Participant: 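Have a look at the structure that comes next, please.
Remember, it's 1-based here, ligands and their atoms both numbered in the order they're listed. Quantities reported herein were computed from a predicted structural model and do not represent experimental measurements.
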Amino acid sequence: AKKTRRGGVKVFQERMLYSRQLHNQMATELRDAIAAGEFTLYYQPVVDLASGEIRGAEVLVRWNHPQRGLVMPDEFIPLAEETGLIIDLGRWILCEAVMTFARWRETVPLSSDFRLRVNVSVAELQRIDLVDYVREVLRDSLIDPAFLVLEITETALVTGGDVETYSLLSLKSLGIGIEIDDFGTGYSSISYLRNLPVSMVKVDRSILSQSSGNISQNEFIAAVIQLIRAAGLDAVFEGIETKVQVERLLEMGCVSGQGYYFSRPVPEAAMLELLRNSVRL
Ligand code: C2E
Ligand code: CA
Ligand code: CA
Ligand code: CA
């Protein structure tokens with residue numbers, strides 16, 4: 001028995017060593033990739049559900065890996081957050097997104113209520129210099145701050161301490177919008193919806209996907225919409241994949257959303273094409 005146990009410990013230690021090596025190797029790779037500029041931004045239209053008109057875009061990062069091809073964010077954002085590399089990556093994303101948007105403004109017609117939505121991790125929110133960076137990017141790009149919305153996850157907002165609160169309030173004072181992301185996966189209550197300096201709520205796609213056709217689930221969605229509206233905020237649904245879902249959301253009074261039904265996230269050229277043709281998605 002003793003021997004087995006020792007063997008077990010050894011195997012365990014080897015695995016730990018292996019996974020730590022792999023972890024370090026990936027972190028190094030990620031650091032080099034940021035320096036080499038191997039990232040690219042995709043854009044997913046946010047539309048007016050009734051007319052199909054484009055009312056904004058969510059910015060979603062991808063890693064253009066020289067060997068592995070396009071790597072999705074779920075495979076590297078958690079590591080970037082854990083290693084702190086998200087600070088540099090997040091700055092690049094924000095700057096690139098805002099500069100790109102400044103170009104769009106000169107080439108395609110955009111509705112005045114168009115919103116560019118950029119995801120921000122809690123680690124970024126915890127840096128008190130985030131607001132200085134955002135201010136700088138806005139100043140350099142010359143865009144009206146009202147065009148920019150930062151998406152921050154529900155969990156990050158609710159568990160936030162002093163620094164997060166400071167960041168949120170100062171970001172808001174710049175004139176940009178703050179949106180709660182992944183609403184419905186955490187603590188979702190009306191008291192915090194009322195108290196946080198947020199203007200929009202992005203409802204997590206699990207709320208919609210669990211609900212196909214089921215009546216009590218529809219009531220659940222209606223209740224979520226009511227909760228958000230009672231707090232005086234706008235609801236945006238993500239993960240809309242079918243026409244039935246669009247119709248149901250419209251019946252329940254929800255006006256905007258995004259999802260594969262309208263468009264998958266696309267590279268800049270394709271997004272420009274959608275905007276240029278002002279396609280009714
Ligand atoms: P998220 O912010 O909740 O983004 C929505 C995700 O849902 C995106 O996945 C999008 O492609 C996907 N999606 C959109 N419509 C549909 C649909 O109709 N059906 C389904 N099944 N999925 C849909 P993606 O691009 O893989 O991003 C995953 C997550 O990675 C994001 O979740 C976000 O948490 C994170 N992420 C992506 N880009 C960034 C970024 O620039 N910065 C930070 N900090 N995080 C990012
Ligand atoms: Ca998001
Ligand atoms: Ca989300
Ligand atoms: Ca998410």
Participant: May I ask whether Glu58 has any heavy atom positioned less than 4.0 angstrom from an atom of ligand 1?
Facilitator: yes
Participant: Is ligand 1 under 4.0 Å from a heavy atom in the side chain of Gln44, in the backbone, in both, or in neither?
Facilitator: side chain
Participant: Could you pull out every donor-acceptor pair under 3.5 Å between side chains of residues 73-82 and any protein atom, sequence neighbours left out?
Facilitator:
unit_1	atom_1	unit_2	atom_2	d
Glu81	OE2	Ser121	OG	2.7
Glu82	OE2	His23	NE2	2.8

Participant: Considering only N, O or S atoms, which atom of Asp182 is nearest to the Ca ion (ligand 3)?
Facilitator: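 Checking each N, O and S atom of Asp182, the shortest distance to the Ca ion (ligand 3) belongs to OD1.
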Participant: Using a 4.0 Å heavy-atom cut-off, say whether Asn119 meets ligand 1 through its side chain, its backbone, both or neither.
Facilitator: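 Asn119 to ligand 1: contacts from backbone and side chain alike.
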Participant: Near the Ca ion (ligand 2), is there an N/O/S atom from Asn119 that is less than 3.0 Å away?
Facilitator: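 Yes, since at least one N, O or S atom of Asn119 sits under 3.0 Å from the Ca ion (ligand 2).
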Participant: When rounded to the nearest 0.5 angstrom, what is the spacing between CD in Glu96 and CG in Leu41?
Facilitator: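 Separation between the atoms: 5.5 Å.
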Participant: Using a heavy-atom cut-off of under 4.0 Å, does the side chain or the backbone of Arg264 touch ligand 1, or both, or neither?
Facilitator: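 No part of Arg264 comes within reach of ligand 1.
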Participant: Apply the test side chain to side chain contact (heavy atoms under 4.5 Å, CB included) to residues Tyr43 and Leu272: give CA-CA distance (whole Å), side-chain angles for both, the deciding distance (0.1 Å), then the verdict.
Facilitator: CA-CA 10 Å; Tyr43 303 86; Leu272 273 173; over 6 Å; no
Participant: I'd like to know if Arg62 contacts ligand 1, where contact means a heavy-atom distance under 4.0 Å to any ligand atom.
Facilitator: yes
Participant: Given Glu238, Glu124, Lys202, which has its nearest heavy atom closest to atom 5 (C) of ligand 1?
Facilitator: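 Closest candidate by heavy-atom distance is Glu238.
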Participant: Using a 4.0 Å heavy-atom cut-off, which part of Asp204 comes near ligand 1: side chain, backbone, both, or neither?
Facilitator: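 Answer for Asp204: neither.
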Participant: What's the spacing between Arg115 CZ and Ser199 OG if we round to 0.5 Å?
Facilitator: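 Reported to 0.5 Å precision, the distance equals 8.5 Å.
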Participant: How many angstroms lie between OG1 in Thr185 and CD1 in Ile207, if you round to the nearest 0.5 Å?
Facilitator: 8.0 Å
Participant: Going by atom types only, do Glu58 and Gln44 share a side-chain donor-acceptor pair under 3.5 Å?
Facilitator: no
Participant: Do Glu154 and Tyr192 have side-chain atoms, one donor and one acceptor, less than 3.5 Å apart?
Facilitator: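 Yes.
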Participant: Taking NZ, NE, NH1 and NH2 as the nitrogens, is one of them in Glu251 or Arg248 under 4.0 Å from a carboxylate oxygen of the other?
Facilitator: no
Participant: Could you give all pairs that pass the side chain to side chain donor-acceptor pair (under 3.5 Å) test and reach residues 160-174, with sequence neighbours left out?
Facilitator: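 Applying side chain to side chain donor-acceptor pair (under 3.5 Å) to every pair that reaches into residues 160-174, excluding sequence neighbours, yields Gln126-Glu164.
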Participant: Measuring from the Ca ion (ligand 3), name the closest N, O or S atom belonging to Asp181.
Facilitator: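 Nearest to the Ca ion (ligand 3) within Asp181's N, O and S set: OD1.
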Participant: Rounded to the nearest 0.5 Å, what separation is found between the CD1 atom of Ile221 and the CE atom of Met252?
Facilitator: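 Between atom CD1 of Ile221 and atom CE of Met252 there are 4.5 Å.
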Participant: Of all the heavy atoms in Pro265, does at least one lie under 4.0 Å from an atom in ligand 1?
Facilitator: yes
Participant: Tell me whether Leu250 at atom CG has more than 12 heavy atoms from other residues, nucleotides or ligands lying less than 6.0 Å away.
Facilitator: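 Atom CG in Leu250 is packed in, count exceeds 12.
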Participant: Counting backbone and side-chain atoms alike, does Asp204 have an N/O/S atom under 3.0 Å from the Ca ion (ligand 3)?
Facilitator: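 Within the cut-off used here (under 3.0 Å), Asp204 places no N, O or S atom near the Ca ion (ligand 3).
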Participant: Can you list the ligand 1 atoms lying under 4.0 Å from a non-hydrogen atom of Gly259?
Facilitator: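 Listed by number with element, the hits are 15 (N), 18 (O).
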Participant: Taking 3.0 Å as the cut-off, does an N/O/S atom of Glu151 lie below it from the Ca ion (ligand 3)?
Facilitator: no
Participant: Show me which atoms of ligand 1 lie under 4.0 Å from any heavy atom of Val61.
Facilitator: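 The atoms of ligand 1 under 4.0 Å from a heavy atom of Val61 are 38 (N), 39 (C), 40 (C), 41 (O).
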Participant: Is it the side chain, the backbone, both or neither of Val118 that has a heavy atom closer than 4.0 Å to ligand 1?
Facilitator: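 It is neither; nothing of Val118 touches ligand 1.
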Participant: Any N/O/S of Glu58 under 3.0 Å from the Ca ion (ligand 2)?
Facilitator: yes
Participant: Return a yes/no value for Asp181: is any of its N or O atoms, backbone included, closer than 3.5 angstrom to an N or O of ligand 1?
Facilitator: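 Yes - when backbone and side-chain N and O of Asp181 are compared with those of ligand 1, one distance drops under 3.5 Å.
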Participant: I'd like to check which ligand 1 atoms, numbered from 1 as shown, lie under 4.0 Å from a non-hydrogen atom of Met72.
Facilitator: 26 (O)
Participant: Counting only heavy atoms, tell me which of Arg205, Glu241, Glu81, Glu151 gets closest to atom 7 (O) of ligand 1.
Facilitator: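 The nearest heavy atom belongs to Arg205.
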Participant: Of Phe237, Tyr260, Phe76, which has the heavy atom at the shortest distance from atom 17 (C) of ligand 1?
Facilitator: Tyr260
Participant: For residues Phe101 and Phe147, establish whether the separation of their ring centroids is below 6.0 Å.
Facilitator: yes
Participant: Working to the nearest 0.5 angstrom, can you tell me the gap between Arg91 CZ and Asp88 CG?
Facilitator: 7.5 Å
Participant: Closer than 4.0 Å to some heavy atom of Asp182 - which atoms of ligand 1 meet that?
Facilitator: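 Close to Asp182: 3 (O).
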